[in-house]
Q: 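Take a look at the following structure, please.
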Amino acid sequence: MDHDSPAIIVERAYRRYRSGRRDIPALDGVSLTVDYGEWIAIVGPSGCGKSTLLNLLAGIDSADEGSVSLGGKSLTGMSENALAAWRGQEVGIVFQFFQLMPTLTVLENIILPMDLAGKNRDRHSRARQLLDQVGVLDLAQNLPSELSGGEQQRVAIARALANSPRILLADEPTGNLDSRNGGIIVDLLEQLWLNGTTIVMVTHDAAVAARASRTISMRDGQIDDDLVNQPSSLVSLAVNG
Ligand code: ADP
């Protein structure tokens with residue numbers, strides 16, 4: 001990985017979906033550069049292309065035109081296998097509905113991505129350390145269905161961190177949680193960010209977006225605003241702490 005390059009560069013990305021006879025321009029010429037150390041909130045009305053953009057960054061989907069590179073490596077034209085291997089190592093992904101494996105224990109859910117990446121050493125101790133970091137180590141032997149939504153999302157964040165990615169992508173990470181649990185998840189994201197993880201998160205919650213360091217607003221498949229946020233949470237941390 002090239003450490004001097006930005007974390008993410010998207011250049012004139014287009015993604016169209018065919019719906020009946022219409023072409024829907026889900027992304028209509030998006031360009032974006034994210035540096036390591038940023039915490040980006042992508043906001044905008046439903047259907048404006050937020051998830052499509054995040055899926056391009058995750059390598060889950062690819063652009064019809066334009067290019068996407070992460071950590072100085074271009075995803076454009078990468079084979080499906082290469083993308084899958086890359087995805088497991090360079091980015092961690094958190095979804096609105098957690099998407100934990102229901103038949104695996106919490107601990108096994110964390111170990112799985114390390115297995116897939118061929119990391120066989122210290123998997124158990126690393127998994128336990130990650131569960132401790134997100135505050136659910138006592139649930140290691142439970143099944144996901146035995147956990148609350150907030151607890152499942154903490155496990156999902158631990159899983160996303162399993163292979164030590166430098167970039168964390170999150171699609172509505174608090175979208176399925178009540179405000180208390182949503183607050184716990186945002187606090188956790190903030191801790192990760194303060195410890196050096198670059199975060200790109202989609203959210204429709206203005207209070208959640210305000211915690212990020214930069215807010216990118218989308219409309220009709222395009223970026224129509226890009227603002228550096230006042231770090232209000234850090235100010236309050238300084239005042240209180
Ligand atoms: P957002 O995340 O902002 O709600 P999306 O990125 O999910 O928006 O969708 C952008 C546009 O692309 C919407 O009009 C949506 O209906 C359309 N779209 C997204 N995914 C598909 C798909 N798989 N097939 C057809 N249309 C899609």
Side-chain angles (χ1 to χ4, degrees), residues 7-34 38-70 74-80 83-84 86-87 90-100 149 152-153 156-157 160 165 167-179 181-182 185-186 189 198-229:
I8 296 169
I9 302 175
V10 179
E11 283 180 312
R12 291 182 295 283
Y14 290 81
R15 179 72 172 99
R16 295 178 200 88
Y17 290 110
R18 190 121 193 102
S19 168
R21 287 158 151 221
R22 285 195 315 134
D23 257 349
I24 299 173
L27 288 184
D28 195 18
V30 166
S31 296
L32 171 68
T33 300
V34 176
E38 288 197 278
W39 177 5
I40 308 279
I42 302 177
V43 301
S46 182
C48 70
K50 304 183 296 294
S51 297
T52 303
L53 176 58
L54 205 73
N55 287 344
L56 291 195
L57 301 182
I60 292 171
D61 191 13
S62 50
D64 299 321
E65 283 174 52
S67 64
V68 177
S69 32
L70 274 82
S74 172
L75 306 193
T76 316
M78 232 195 240
S79 75
E80 218 21 73
L83 260 182
W86 172 89
R87 209 162 37 228
E90 306 298 341
V91 296
I93 310 175
V94 176
F95 302 94
Q96 178 174 354
F97 295 105
F98 328 129
Q99 301 195 6
L100 300 171
Q152 288 188 57
Q153 193 61 304
I157 290 174
I167 303 173
L168 189 66
L169 306 174
D171 197 351
E172 298 278 10
T174 63
N176 195 42
L177 302 176
D178 60 45
S179 59
N181 279 300
I185 294 301
V186 181
L189 292 176
T198 303
I199 301 177
V200 180
M201 128 190 119
V202 165
T203 182
H204 63 257
D205 184 331
V208 171
R211 299 279 293 273
S213 65
R214 179 176 160 200
T215 303
I216 290 175
S217 305
M218 293 185 67
R219 182 171 299 277
D220 298 335
Q222 298 182 331
I223 292 175
D224 77 346
D225 214 352
D226 188 342
L227 292 171
V228 172
N229 294 341

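For ligands, and for the atoms within them, numbers begin at 1 and follow the listed sequence.
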Q: Could you find the nearest protein heavy atom to atom 27 (C) of ligand 1 and give me its residue, atom name and distance?
A: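 Here the nearest protein heavy atom works out to Tyr17 CD1, 3.2 Å.
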Q: Is atom 4 (O) of ligand 1 near the protein, in the sense that some protein heavy atom lies at less than 4.0 Å from it?
A: yes
Q: Looking at atom 10 (C) of ligand 1, what's its closest protein heavy atom, distance included?
A: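 Going atom by atom, the protein heavy atom closest to atom 10 (C) of ligand 1 ends up being Gly47 O, 3.3 Å.
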Q: Measuring from atom CD of Glu11 to atom OG of Ser67, what distance do you get when rounded to the nearest 0.5 angstrom?
A: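 Result: 4.5 Å between the selected atoms.
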Q: Of all heavy-atom pairs between Ser31 and Arg12, which one has the smallest distance, and what is that distance?
A: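 Heavy atoms only, the tightest pair is OG-N, 2.9 Å.
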Q: I'd like to know if the side chain of Gln153 reaches the main chain of Phe95, judged simply by a donor and an acceptor atom lying under 3.5 Å from each other, with no hydrogens or angles considered.
A: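 Judged by distance alone, yes, a pair lies under 3.5 Å.
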Q: Give the numbers and elements of all ligand 1 atoms closer than 4.0 Å to a heavy atom of Ser46.
A: 4 (O)
Q: Return yes if some donor-acceptor pair links the side-chain N/O of Lys50 with the main-chain N/O of Pro45 below 3.5 Å, else return no.
A: yes
Q: Only counting residues at least two apart or in another chain, list the ones meeting salt bridge (charged side-chain N to carboxylate O under 4.0 Å, His left out) with Asp225.
A: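 Testing Asp225 for salt bridge (charged side-chain N to carboxylate O under 4.0 Å, His left out), a comparison that skips the adjacent residues, returns none.
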Q: Can you tell me how far apart CD (Glu90) and CD1 (Ile167) are? Round to the nearest 0.5 Å.
A: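 These two atoms lie 8.0 Å from each other.
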Q: Could you check whether any heavy atom of Gly49 sits closer than 4.0 Å to an atom of ligand 1, since that is the contact criterion I want to use?
A: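 Contact check Gly49 vs ligand 1: positive.
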Q: Determine yes or no for a side-chain-to-main-chain donor-acceptor pair under 3.5 angstrom, with Asp64 supplying the side chain and Arg16 the backbone.
A: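 Side chain of Asp64 to backbone of Arg16, a donor-acceptor pair under 3.5 Å: yes, one is there.
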Q: Return the closest protein heavy atom for atom 12 (O) of ligand 1 as residue, atom name and distance.
A: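 Atom 12 (O) of ligand 1 sits closest to the protein heavy atom Ala26 CB, 3.4 Å.
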Q: Using a heavy-atom cut-off of under 4.0 Å, does the side chain or the backbone of Thr52 touch ligand 1, or both, or neither?
A: both
Q: Against heavy atoms of Lys50, which atoms of ligand 1 measure under 4.0 Å?
A: 1 (P), 2 (O), 3 (O), 4 (O), 6 (O), 8 (O)
Q: For ligand 1, which atoms sit closer than 4.0 Å to a heavy atom of Pro45?
A: 3 (O)
Q: Please report the interatomic distance OG(Ser62) to CE(Met78), rounded to the nearest 0.5 Å.
A: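 The OG atom of Ser62 sits 11.5 Å away from the CE atom of Met78.
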Q: Give me the residue, atom name and distance of the protein heavy atom closest to atom 14 (O) of ligand 1.
A: Ile24 CG2, 3.6 Å
Q: Atom 7 (O) of ligand 1: which protein heavy atom is closest, and how many Å away?
A: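 Checked against all protein heavy atoms, atom 7 (O) of ligand 1 sits closest to Ser51 CB, 3.8 Å.
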Q: With a 4.0 Å cut-off on heavy atoms, is Ser19 touching ligand 1?
A: no
